[in-house]
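The model shown is predicted, which means the values in this text are computed figures rather than measured ones.
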Amino acid sequence: MFGVSWGSALSLTYALRHSERVSEIVTAVATGRLCEIEWLIRGFGGLAPEAYERFVAGVPDPGDDISAAYHRLLMDPDPAVHRKAADDWCAWEDTIATVPPGRDVEHEPWEPRFKLAFARLVTHYFGNRCWLADDQLARQGHVLKDIPGVIVHGLGNSASAHSPANRGCCTTPGRFQSW
């Protein structure tokens, strides 16, 4: 199994449910935990405060759950509303995907339909806490004890600063090599 970002949580979930079908795991750790989601939405704001202010300003009343507030805007039938929300969400994605945060990154412009679909998908998963109980993957990690694996976690991987690799609670201590 191989997974990066949300694909990490998907690949680990699959491996836990179908361990007999998995020979190795290579992943950059993201487990869908609330602290990881909160780090991406709020915690990262301390590293890129101006971008964070713009991100939060894109939602009239964010309340406690900024991703849910964005999801409501992204699902608005008015194209002007959902397009702006997609633009704002994807600008934040660009910010948190760079090291140092907020550094300009050259890439092809996001296609508007892709932006909308991407932002809707991410906020839908975040709003539903990825359909995983908090720490579910870590608690079930013993199932993976006989599967060799590597956690790819670089110094610049600040987007998963609250990942199990950083917290020192790898799902199967001693089985995964982290680099």
Side-chain angles (χ1 to χ4, degrees), residues 3-13 27-139 153-167 169:
V4 177
S5 190
W6 170 236
S8 294
L10 290 176
S11 65
L12 290 171
T13 300
T27 184
V29 176
T31 61
R33 292 186 341 231
L34 181 58
C35 67
E36 292 171 346
I37 293 169
E38 284 297 309
W39 169 248
L40 292 171
I41 301 299
R42 295 180 192 277
F44 224 96
L47 300 175
E50 291 153 7
Y52 183 72
E53 289 301 319
R54 286 190 302 274
F55 175 63
V56 173
V59 182
D61 182 21
D64 289 336
D65 192 339
I66 295 172
S67 60
Y70 261 102
H71 190 72
R72 285 189 295 277
L73 294 174
L74 291 160
M75 299 308 292
D76 192 290
D78 182 347
V81 172
H82 64 243
R83 285 184 188 138
K84 180 179 182 329
D87 288 344
D88 292 345
W89 184 271
C90 291
W92 181 244
E93 287 279 347
D94 280 344
T95 297
I96 65 176
T98 62
V99 177
R103 176 176 62 87
D104 286 335
V105 175
E106 291 185 30
H107 64 75
E108 293 296 316
W110 297 61
E111 195 274 322
R113 290 181 306 176
F114 175 81
K115 264 199 264 197
L116 181 60
F118 175 82
R120 282 177 172 172
L121 181 71
V122 172
T123 57
H124 183 59
Y125 275 79
F126 283 1
N128 288 285
R129 303 299 175 244
C130 303
W131 291 277
L132 296 167
D134 216 32
D135 276 340
Q136 177 178 339
L137 298 179
R139 285 193 317 267
H153 186 82
L155 292 175
N157 191 2
S158 53
S160 60
H162 288 281
S163 70
N166 273 351
R167 279 199 354 196
C169 64

Next item on the list: Taking all heavy atoms of Trp92 and all of Ile41, pick out the closest pair and write down the distance.
Entry: CZ2-O, 4.0 Å

Note to self: To the closest 0.5 Å, what do you measure between CG (Asn128) and OG (Ser67)?
What the structure shows: 9.5 Å

Check: By ring pair (Phe, Tyr, Trp, His ring centres under 6.0 Å), which residues pair with Tyr70, not counting sequence neighbours?
Finding: Phe55, Trp89

Item checked: Student check: side-chain heavy atoms of Arg83 and Leu116 closer than 4.5 Å -> no

Note to self: Could you report the tightest heavy-atom contact between Lys115 and Cys90, atom names first, then the distance?
What the structure shows: CG-SG, 3.5 Å

Checklist line | Ala133 versus Arg139, closest heavy-atom pair with distance | finding: CB-NH2, 3.8 Å

Margin query: Going by salt bridge (Lys or Arg N to Asp or Glu O under 4.0 Å), name the pairs with one or both residues in residues 49-74, residues two or more places apart or in two chains.
Written below: Asp65-Arg129

Next item on the list: Could you list the residues that satisfy ring pair (Phe, Tyr, Trp, His ring centres under 6.0 Å) with Tyr125, not counting sequence neighbours?
Entry: Trp6, Trp131

Next item on the list: Using the test side-chain contact (heavy atoms from CB on, under 4.5 Å), find all partners of Pro62 that sit at least two apart in sequence or belong to another chain.
Entry: Val56, Val59, Ile66

Next item on the list: Would you give the length of the straight line joining atom CG of Leu40 to atom CD of Glu93, rounded to the nearest 0.5 angstrom?
Entry: 7.5 Å

Checklist line | Shortest non-hydrogen contact from Arg42 toward Gly63 | finding: NH2-O, 3.5 Å

Next item on the list: Kindly give the heavy-atom pair with the smallest separation between His82 and Leu74, and that separation in Å.
Entry: CB-O, 3.2 Å

Next item on the list: Not counting sequence neighbours, which residues clear side-chain contact (heavy atoms from CB on, under 4.5 Å) with Pro60? List them please.
Entry: Leu73

Note to self: How long is the straight-line distance from CG of Leu34 back to CH2 of Trp39, given to the nearest 0.5 Å?
What the structure shows: 14.5 Å

Check: Residues two or more places apart in sequence or in another chain: which of them pass salt bridge (Lys or Arg N to Asp or Glu O under 4.0 Å) with Asp134?
Finding: none

Notebook entry, point to check: What distance separates His71 NE2 from His124 NE2, expressed to the nearest 0.5 Å?
Noted result: 6.0 Å

Margin query: Quick check: closest heavy atoms across Ile37 and Gly32, and the distance to 0.1 Å?
Written below: CD1-O, 4.0 Å

